[in-house]
Each structure stands twice: as structure tokens, then as C-alpha cells.
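A short write-up of the structure that comes next.
The basis for the numbers below is simple: all heavy atoms, side chains too, and nothing from hydrogens, waters or symmetry mates.
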Amino acid sequence: MSGLVTGDAVVLGLQPARLPSRALAVLIDLVAVWTVYLLITLGLAVATASLDEAAVMAVSVASFLLVLVGAPIAVETLSHGRSLGKLACGLRVVRDDGGPIRFRHALVRGAMGVVEILMTFGVVALVASLVSDRGRRLGDVFAGTLVVRERIPAARVLAVPPPPPWLVGRFAGLDLSAVPEALWLEARQYLTRSRELDPVVGRRLAERLADELVARTGAPPPAGVPADAYLAGVVAERQARDARRAFAPSVGGVVPGAVPPPTVPAAPVVGAPVPPVVAPPVVTPPAVTPPVGGSSADSGARATGFAPPA
């Protein structure tokens, strides 16, 4: 990694491109540019067949400058340092401070590339890249640029080993709000790489990290707990809190699909006034008056339409 310092005093960890990847990117660019140049040359040869020798020479020089020199400069300027070959190889041209290049950087690189790559078949660029500590050719030195790797393979993620069983849950009441993310990262990296370290160096590193955690949390570790076990327990508690926070219910504190608890009526308050009990009203059915001038059987027959037998 190359430690570049920006104007804001920020150190950038950039990985310079190696010579094989840069050579492959240049080869791809040359194949593409020369293919376009040959096609344009054939087209111009047919179009300028009726012109004199001086005009043909002028057109040839103009096509050479525009295609082999101007085209790479334009592509690097518009793509901010990503030519066709660099895009295929995962490379990019940046300034010395890590920022994107501009037209003047691409112009200097393209002008020097004619001498380094085209006229000397890449010998000067090869020697300059081997001599430079960051693999820069003369065009990069004069332009103040650097070719870096833009696509870096992702590192294999290692799981943090769990703490001893007798330490699980012992740091539940620890205040971890003052611990910075950089310290958490150092502790996780130590726990994942502790088996690869020298025992003496690993013990010193664990003690240093444990002292920093104690200074941030304000609570000393339990008596008799080793520094590495203390780190594993605190990191496991931090991960458990993050997991609970990530999977906590977000709407009203209700977990979807959970059965709500039964509703318990509130107990009466001692001394509160008791509301009076109101009795429901009594409904008296209306009296049935027999019809005048007939018997009850006749009235029943007229009411229902059925005459009882004699």
C-alpha cells in the first residue's frame, strides 16, 4: 500500500499497480488504438487517391497525431484515468494526492508515451517502471500521476471466536457508548488473528487493547480474567447488542405474528366513588281482551284460521 497524503492531511492507502497488470493494460490499449488507426489509414488511402503526395503526407501525419496521440489523451481525460486496457485490468490513473486526473495530466502522459512506448517499443517505460519504487514511468513522473489498482480482491472474512462459556453475559451492564469504532476494529482483528501471532507479542497486544477498553468503559475486568478472554467477552457483548438492535421490532414494539397477552382488568381504586347500579326497566306485556259476541274457540279459529273439531 502507498501512503499518499492529501491537502487535508489525510493519508490514503492506495495500492500501486504492478508491472504485469500495467503491461497488459498497455497492450490492450495499443491493440485497440492500432486497429482503429489501420482502419482509418485504409479509408484515407482510398479517399485521398486523387491527391498529390504532399496532401497525402499531411493527412497521414494528422491521422497519426489524432488517433495514436489525441485519442488516448481524450479517453483518459473523459474517463478520469480509465482507458480501455485499464478498465479491463481494474486499474486507474490518479494524481499524487489521490484525486482524478485532468486534461493537463493526460496530455503530459500522452506526449511522453509517444517517446516511451511508441518510438522505443516500451523499453524506456519498462526500465523506468522497474527503477521507480511505485512503478511509475516517465510520463507519470512528469505529470505527477500514479497508476493504482481500483479493483482489489475482497479479503476472506474471518469469524470472531466466541468467548469462554463462563464469560457469556457477564458484560451485559457494561457501558460501551464511549468505545470508538477504530478500537472495535483492532479488537476484532486481534481476535481473528490471535492464533497466527507470536505468543509474547499477542499477549502484549491483548493487554494494550484491554487497557484501552477499560479506559473507555470505566470498568475494570473481573479478577483472574485474561486479557484475550476479556476482549472476546466484550466484543461478543457488542455483537449481541448490535444483533438485538438490528432485529428489534420497529412498529410499536410488537413482534409480527406474536400472540398478544390477555387483558387483565384493572383493580378498583380504594376510596373511589362507586357508580350507582341502575335496574333495567320492567316491561309489562299488554293484556289480551277477548272479542265480544263469541267464544274463545271462535276467536281462536278466526285468529289462526283453524277450526277445532266438534
> Just wondering, do Ser129 and Arg22 contact through their side chains at under 4.5 Å, heavy atoms?
Replying inline: yes
> Measuring from Thr77:OG1 to Leu107:CG, what's the distance to the nearest 0.5 Å?
Replying inline: 8.0 Å
>> If you count every heavy atom of other residues, nucleotides or ligands that lies below 6.0 Å from Arg216 atom CZ, does the total exceed 12?
In response: no
> Of the non-hydrogen atoms in Val235 and Ala187, which two are nearest, and what is the gap between them?
Replying inline: CG2-CB, 3.9 Å
>> With a 6.0 Å cut-off (strictly less than), is the heavy-atom count around CZ of Arg241, excluding the residue itself, greater than 12?
In response: yes
> Between Arg193 and Glu186, is the closest basic N to carboxylate O distance under 4.0 Å?
Replying inline: no
>> Under a 3.5 Å distance rule, please check whether Ser132 uses its side chain to pair with a backbone N or O of Ala128 as donor and acceptor.
In response: no
>> Between Leu213 and Tyr230, is there a side-chain heavy-atom distance shorter than 4.5 Å?
In response: yes
>> Tell me if a side-chain donor or acceptor on Tyr190 pairs with a main-chain N or O of Gly202 at a distance below 3.5 Å.
In response: yes
>> Clusters formed by hydrophobic residues whose side-chain heavy atoms approach within less than 4.5 Å: which one holds Phe142, and what are its other members?
In response: Val108, Met112, Val124, Leu138
> For Val214 and Pro220, which heavy atoms make the closest approach, and how far apart are they?
Replying inline: CG1-CA, 4.0 Å
>> Quick one, Leu130 and Leu19 - any side-chain contact, counting heavy atoms below 4.5 Å?
In response: yes
> Any chance CZ of Arg18 has more than 12 other-residue heavy atoms, nucleotides or ligands included, within less than 6.0 Å?
Replying inline: no
> Hey, quick one: are Ile101 and Ile73 part of the same hydrophobic cluster, counting side-chain heavy atoms closer than 4.5 Å, chains of contacts allowed?
Replying inline: no
> Taking 4.0 angstrom as the limit, do Arg208 and Asp211 come out as a salt bridge?
Replying inline: no
> Quick one: are Asp228 and Ser194 in side-chain contact, heavy atoms under 4.5 Å?
Replying inline: no
> Less than 4.5 Å apart, any side-chain heavy atom of Val94 and any of Thr145?
Replying inline: no
>> Checking the side chain of Arg95 only, and the main-chain atoms of Pro100 only, is there a donor and an acceptor separated by less than 3.5 Å?
In response: yes
> What's the shortest heavy-atom distance between Asp29 and Gly85, and which atoms?
Replying inline: OD1-N, 2.6 Å
> Does the side-chain contact (heavy atoms from CB on, under 4.5 Å) test come out yes or no for Trp184 and Leu176, once each step is laid out?
Replying inline: CA-CA 10 Å; Trp184 288 121; Leu176 305 178; 4.0 Å; yes
> Does Glu237 reach the side chain of Val234, with side-chain heavy atoms less than 4.5 Å apart?
Replying inline: no
> For Leu78, which fellow cluster members are found when Ile, Leu, Val, Met, Phe, Trp and Tyr are connected by side-chain heavy-atom distances below 4.5 angstrom, either directly or through intermediates?
Replying inline: none
> So, does Glu116 use its side chain to make a donor-acceptor pair with the main chain of Gly139 at under 3.5 Å?
Replying inline: yes
>> Between Asp96 and Arg136, does any NZ, NE, NH1 or NH2 come within less than 4.0 Å of an OD or OE carboxylate oxygen?
In response: yes
> Taking the side chain as C-beta and beyond, is there a heavy-atom pair between Thr217 and Asp175 under 4.5 Å?
Replying inline: no
> How long is the gap from SG on Cys89 to CD1 on Ile28, to the nearest 0.5 Å?
Replying inline: 4.5 Å
> Between Glu76 and Lys86, is the closest basic N to carboxylate O distance under 4.0 Å?
Replying inline: yes
> Quick one: are Trp34 and Thr41 in side-chain contact, heavy atoms under 4.5 Å?
Replying inline: no
> Would you say the side-chain atoms of Ser79 pair up with the backbone N or O of Val75, donor to acceptor, closer than 3.5 Å?
Replying inline: yes
>> Val93 and side-chain contact (heavy atoms from CB on, under 4.5 Å): which single residue from Arg109, Arg82, His80, Glu150 fits?
In response: Arg109
> What's the spacing between Leu209 CG and Arg188 CZ if we round to 0.5 Å?
Replying inline: 12.0 Å
> Cluster question for you: counting only ILVMFWY and a side-chain heavy-atom cut-off of under 4.5 Å, with indirect links fine, are Leu68 and Val36 together?
Replying inline: yes
